Amino acid sequence: MRVVGKPIRKKDAMALVTGKPVYMDDVAPKDCLIVKVLRSPHANAMVKSINTERAKKAAGIEVVYTWEDVPNQRFTMAGQTYPEPSPYDRLILDRHVRYVGDPVAIVAGEDDACVDKALKMIKVEYEVLPALLDFHESKDNVLLVHPEENWEAKCPVGADNKRNLCACGSDAMGDIDAVLEDCDVVVEETYHTLANQQAMMETFRTTCYMDAYGRLNVLSSTQIVFHLRRILSEALGTSKSKIRVVKPRIGGGFGAKQSAVAEIYPAFVTWKTGKPSKMIFTREESQIASSPRHEMEVSVRVGADKNGKIRAIDVYTLSNTGAYGEHGPTTVGLSGHKSIPLYGSLESFRFAYDVVYTNTMSAGAYRGYGATQGIFAVESAVSQLAAKLGMDPVELRMKNMVREGQVMPAYYGETTRSCALDRCMMRAKEMIGWDEKFPCRDMGNGKVRSVGVSMAMQGSGISGVDVGSATIKLNEDGIYTLMIGAADMGTGCDTILAQMAAECLDCGIDDIIVSGADTDTSPYDSGSYASSTTYVTGRAVERACEKLKEKICQRASQMMECSAEGLEFDGHVVKDLDSGKSVTLQEIGTSSMCGNECALQVTESHSSPVSPPPFMVGMVEIELDKETGHVEILDYVAVVDCGTVVNPNLARVQVEGGLVQGIGMALYENIQYTQKGQMMNQSFMQYKVPTRLDMGKLRVEFEPSYEPTGPFGAKSIGEIVINTPSPALAHAIYNATGLWFRELPITSEKIAMGLLKK
């Protein structure tokens, strides 16, 4: 291949490094009303009264809105395909506030200073209610987070607001209890992962204005332009056709911007006033009122015979969706459906779950989307099983891992048609020097060096749901324009999809102009999430380009007055092999502007009935100080099977970025609440994310397979890369200390105290 598989520079690289105005705040109208919200200081309360008169009279203030001013129409902020599995449990402003940070009033004024002053003038009297903060106590509690009658679940996901259930369900094969009873060795443990913040550099931000035709235009840092349009239409009670959503360059999303966290408030202001508005979250707001990863408690039972054959896996997940149900019913499924299938020859499995409401900040989508929590639990249990059996954990995994051609248990009956997991494992073992370093080496200075291993899988889009689309057209100068609805949030999908188009059309990547994402001009696309863009939208690009080539040849045949069947197109010239006549691509583009009835433009959509998983192995070498508990990462090797690697440079930085986020989840990131439900980690001073000094040496390689259903054999890579650090680090820490840590993060303090007790 000429273009696909090459480390081509990102299309927007120069604009970024030269500081061009490409982000939302760079291109927002200059005369915007500044929009902010007053947030609840209570975890659970009713607004008894609210006095906004002084605030409304403050200099520079345009409007102040309360729950009495907004539609009484519930919606969800979750960016999901309609009908959304997430329940409709939101109002723009609600008299019942359900977590510390829940919006109470919207204030819009001419600048930050006057809005901040007006927010302090609003007087609210609350009826403070008992708060439900422990998700273990939520299910069937007499305290209800959502007692309202107009709460609605659009899909049958086992939701029941009168039981504090956002979702529940189960899936099984065989008699799990009987098989586990018959196993020689069983590991039974419970694992706890806290909520994690995506901590993207660009906080949530949106600007809105009304155009000359009375339509609401929304420019937002979002991953989901089409879903956002629907969410706003539901919340505002208006037609989707009256709303246009456009995405500028995004300064990171990682799933946080798959929910409409900020958009509704400026949209409501502009919809009501007709004036441009802008809302930019502070870092504190992004910490206390956003959409972090779901806190989960995952209970695992793994059974094997004495030779190490894993026979059964039983997983139960309790997930904390917080005050609202965005992504609650869907994230939990991945905790079992993307962890159990790693082991391909099970006699039995069971996966059950409950997702519960609490009076904490509502959770949402975050890279890995539930698989991260489930893989931490299952892979940790398998490593403990290896220790119990006295087996090398790499050997145990090689003996039991899913292989190409197997039906994957708990993975919707799908067969893996592309799987290089075994090669990934052997290559990672070789890279890190596993045989020489496992399990540990005492350095003689109070420090121990040890290694740990984990493997992971994810998916490539949501099978039977996600839709990717592409429009490709030939311009009169022989250059193509590719229009997409997928959102490039730094991943480089604009570049990757352009590479695919260039490969199909036999041209250079500079001959492909990429435009997107805009609900008025882009073809429909579900959005950039669920690791779908390369696999799903990439196939749409392939199909569109193939059809455009046919149209190009058809137009050339008209120009040369010959049959289209004997024509050859080399990307620059269409030649009639019989007569020797030829026309250039530019001549074809120019001719299409006059007396032409064959539009040189094609739109194609694609939705896949399967979601082929990428696979990955991560191995880590650490040095642990037994006195302080400090863990230093010396070496992390990652070997990934994402099918055909479309752009090695972009794939590599995807892996490295995901590994660092996973390291942060494993060792540092620790969301904590007070007894009154107030978050204690309101800034990066308290909420620690890894720096470059914490990463250690990261080494990334690829073991390509070929996925027959993917474009050029490609699968996804965006999410899987965050899934191995937590279990690999927990395993390495066990090998160094003899202590299993089953709650994240595994801080130095926990290690030191554990060693002290031991």
Side-chain angles (χ1 to χ4, degrees), residues 135-136 168-194 293-305 308-320 331-355 368-389 391 393 396-397 399-402 408-411 452-457 665-666 723-731 733-734 739-744 746:
F135 73 135
H136 299 96
C168 65
S170 62
D171 184 21
M173 176 189 75
D175 189 335
I176 186 73
D177 294 317
V179 176
L180 285 170
E181 181 70 26
D182 190 50
C183 287
D184 297 320
V185 181
V186 175
V187 168
E188 182 172 357
E189 300 291 353
T190 297
Y191 302 84
H192 184 204
T193 61
L194 302 182
R293 187 185 298 284
H294 288 73
E295 176 186 21
M296 289 187 188
E297 187 176 82
V298 185
S299 299
V300 181
R301 291 193 295 166
V302 178
D305 64 23
K309 170 71 170 64
I310 297 177
R311 299 177 59 194
I313 299 178
D314 185 13
V315 173
Y316 168 73
T317 301
L318 178 64
S319 177
N320 181 6
T331 50
V332 71
L334 276 67
S335 68
H337 293 310
K338 301 285 172 72
S339 58
I340 297 170
L342 281 166
Y343 297 92
S345 302
L346 300 178
E347 297 171 36
S348 179
F349 76 83
R350 179 170 59 197
F351 172 46
Y353 55 85
D354 288 307
V355 184
Y369 202 80
T372 315
Q373 297 95 308
I375 287 172
F376 166 62
V378 170
E379 282 298 279
S380 293
V382 169
S383 290
Q384 186 172 337
L385 177 68
K388 211 168 181 180
L389 287 164
M391 283 185 69
L396 180 66
R397 285 174 170 84
K399 190 182 188 80
N400 292 282
M401 67 173 57
V402 67
M408 293 172 279
Y411 199 70
V453 61
S454 173
M455 57 190 195
M457 61 180 286
M665 177 181 177
N723 292 336
T724 61
S726 292
L729 281 162
H731 185 212
I733 292 167
Y734 163 75
L739 299 171
W740 281 111
F741 291 91
R742 301 182 181 90
E743 181 179 69
L744 300 180
I746 309 171

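All residue numbers refer to positions in the sequence shown, counting from 1. Here the structure is a predicted model, which means the values were calculated and not measured.
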Hey, are S170 and R350 close enough side-chain-wise for a donor-acceptor pair under 3.5 Å? no

Quick check: do Y343 and I313 have side-chain heavy atoms less than 4.5 Å from each other? yes

Please report the interatomic distance CE(M296) to OG1(T372), rounded to the nearest 0.5 Å. 9.0 Å

Minimum-distance pair of heavy atoms, taken over all atoms of A386 and P393: CB-CA, 3.7 Å

Atom pair CG (N723) and CD1 (I375), whose distance is rounded to the nearest 0.5 Å: 4.0 Å

Name all residues meeting the salt bridge (charged side-chain N to carboxylate O under 4.0 Å, His left out) criterion together with E295; count only those two or more places apart in sequence or in a different chain, and write none if there are none. none

If every non-hydrogen atom of G370 is compared with every non-hydrogen atom of R293, which pair is closest and at what distance? N-NH1, 4.4 Å

Exercise: identify the closest heavy-atom pair between S383 and V453: OG-O, 4.1 Å

Going from OG on S319 to NE2 on H294, what distance comes out if it is rounded to the nearest 0.5 angstrom? 5.0 Å

Between F349 and D314, is a side chain to side chain contact (heavy atoms under 4.5 Å, CB included) present by the stated rule, with each step listed? CA-CA 6 Å; F349 76 83; D314 185 13; over 6 Å; no

Before giving the answer on side chain to side chain contact (heavy atoms under 4.5 Å, CB included), spell out for L342 and V378 the whole-Å C-alpha distance, their side-chain angles and the decisive distance to 0.1 Å. CA-CA 9 Å; L342 281 166; V378 170; 5.8 Å; no

Below 30° counts as parallel, above 60° as perpendicular, anything between as tilted: where do the rings of H337 and F351 land? perpendicular

Show the nearest heavy-atom pair for residues L180 and V302, with the distance to one decimal. CD2-C, 4.1 Å

Within-4.5 Å side-chain heavy-atom neighbours: T190 and V298: no

Show, in sequence, the C-alpha distance, side-chain angles and deciding distance for L744 and L194, and conclude whether the side chain to side chain contact (heavy atoms under 4.5 Å, CB included) test is met. CA-CA 6 Å; L744 300 180; L194 302 182; 5.9 Å; no

Hey, is the main chain of V186 close enough, under 3.5 Å, to the side chain of K388 for a donor-acceptor pair? yes

When the ring planes of Y191 and F376 are compared, do they come out parallel, tilted or perpendicular, using 30° and 60° as the limits? perpendicular

Got M665 and T193 here, is their nearest side-chain heavy-atom distance under 4.5 Å? yes

Check: N400 side chain, G308 main-chain N or O, donor-acceptor pair, under 3.5 Å: yes

Testing the basics here: between S454 and A728, what is the closest heavy-atom pair and its distance to 0.1 Å? CB-N, 3.8 Å

Could you check whether any side-chain heavy atom of M457 comes within less than 4.5 Å of a side-chain heavy atom of P341, counting everything from C-beta outward? yes

When rounded to the nearest 0.5 angstrom, what is the spacing between OH in Y353 and CG in L334? 11.0 Å

Min side-chain heavy-atom separation L739-I733 under 4.5 Å: no

Just to verify, what does R397 make a salt bridge (charged side-chain N to carboxylate O under 4.0 Å, His left out) with, not counting sequence neighbours? E379

Is it the case that the side chain of K309 and the backbone of S345 share a donor-acceptor pair, with hydrogens and angles ignored and the cut-off at 3.5 Å? yes

Can you name the residues that form a side chain to side chain donor-acceptor pair (under 3.5 Å) with D175, not counting sequence neighbours? none

For the residue pair Q384 and H731, confirm or rule out a side-chain donor-acceptor distance under 3.5 Å. no

Over 12 foreign heavy atoms within 6.0 Å of CD, E743: yes

So I310 and L346, do their side chains get closer than 4.5 Å, heavy atoms only? yes

Would you check if V187 and V300 make a side-chain contact, meaning some heavy-atom pair closer than 4.5 Å? no

Can any side-chain N or O of R311 pair as donor or acceptor with the backbone N or O of D182 at less than 3.5 Å? yes

Residue pair D171 / A410: nearest heavy atoms and the distance that separates them: OD2-CA, 4.4 Å

The side-chain hydrogen bond (donor to acceptor under 3.5 Å, both in side chains) partner of E297 among Q373, H136, H192 is H136

Look at the side chain of S335 and the backbone N and O of V332, then say whether any donor-acceptor pair between them is shorter than 3.5 Å. yes

